[in-house]
Amino acid sequence: MRISPLRSAIFYIALGALFTYIAIQSADETVFNFITIALATFATIDFVVAVRLINLHYRLKKANEKKKK
């Protein structure tokens, strides 16, 4: 059984939100420390992957509807 792109996108959104939360908690005095910037970068990558997976989900859905007609 394969995992659908939409479920993977939800997972990546949750992971991005978690990294964002941890980055906010780790920013003590300034946001310009390595851990905060690294966590924000990981969160950004996760959100971009999620958007691409959602786009893939809708393209596959559209292709399947076309194939059925």
Side-chain angles (χ1 to χ4, degrees):
M1 184 174 152
R2 294 188 325 192
I3 299 173
S4 72
L6 191 59
R7 285 188 186 186
S8 296
I10 292 170
F11 173 73
Y12 277 107
I13 288 171
L15 204 57
L18 178 68
F19 282 141
T20 303
Y21 176 76
I22 295 171
I24 291 170
Q25 294 299 317
S26 71
D28 296 329
E29 299 145 6
T30 180
V31 276
F32 297 110
N33 56 21
F34 176 75
I35 294 176
T36 304
I37 293 174
L39 288 170
T41 303
F42 293 148
T44 303
I45 291 169
D46 286 337
F47 287 131
V48 168
V49 169
V51 168
R52 292 186 68 172
L53 284 170
I54 290 170
N55 188 16
L56 175 65
H57 169 75
Y58 284 116
R59 282 191 287 141
L60 288 173
K61 188 176 178 181
K62 187 176 179 181
N64 284 339
E65 287 175 0
K66 242 184 206 181
K67 192 189 304 184
K68 287 182 182 179
K69 288 184 180 182

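Starting from 1, each residue takes its place in the sequence as its number. Side chains included, hydrogens not; waters and symmetry mates left out as well; all remaining heavy atoms used.
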Trainee: Do any side-chain atoms of residues 44-65 form donor-acceptor pairs under 3.5 angstrom with protein atoms, and if so which ones, sequence neighbours left out?
Mentor:
unit_1 : atom_1 : unit_2 : atom_2 : d
Thr44  : OG1    : Ala40  : O      : 2.8
Asn64  : ND2    : Leu60  : O      : 3.4

Trainee: For residues 24-33, pull every pair meeting side-chain hydrogen bond (donor to acceptor under 3.5 Å, both in side chains), keeping only residues two or more places apart or in separate chains.
Mentor: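 side-chain hydrogen bond (donor to acceptor under 3.5 Å, both in side chains) check on residues 24-33 returns Ser26-Thr36, Asn33-Thr36.
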
Trainee: Only pairs under 3.5 Å count here: list side-chain donor-acceptor contacts from residues 4-23, not counting sequence neighbours, and write none if there are none.
Mentor:
unit_1 : atom_1 : unit_2 : atom_2 : d
Ser4   : OG     : Arg7   : N      : 3.3
Ser8   : OG     : Ser4   : O      : 3.4
Thr20  : OG1    : Gly16  : O      : 2.8

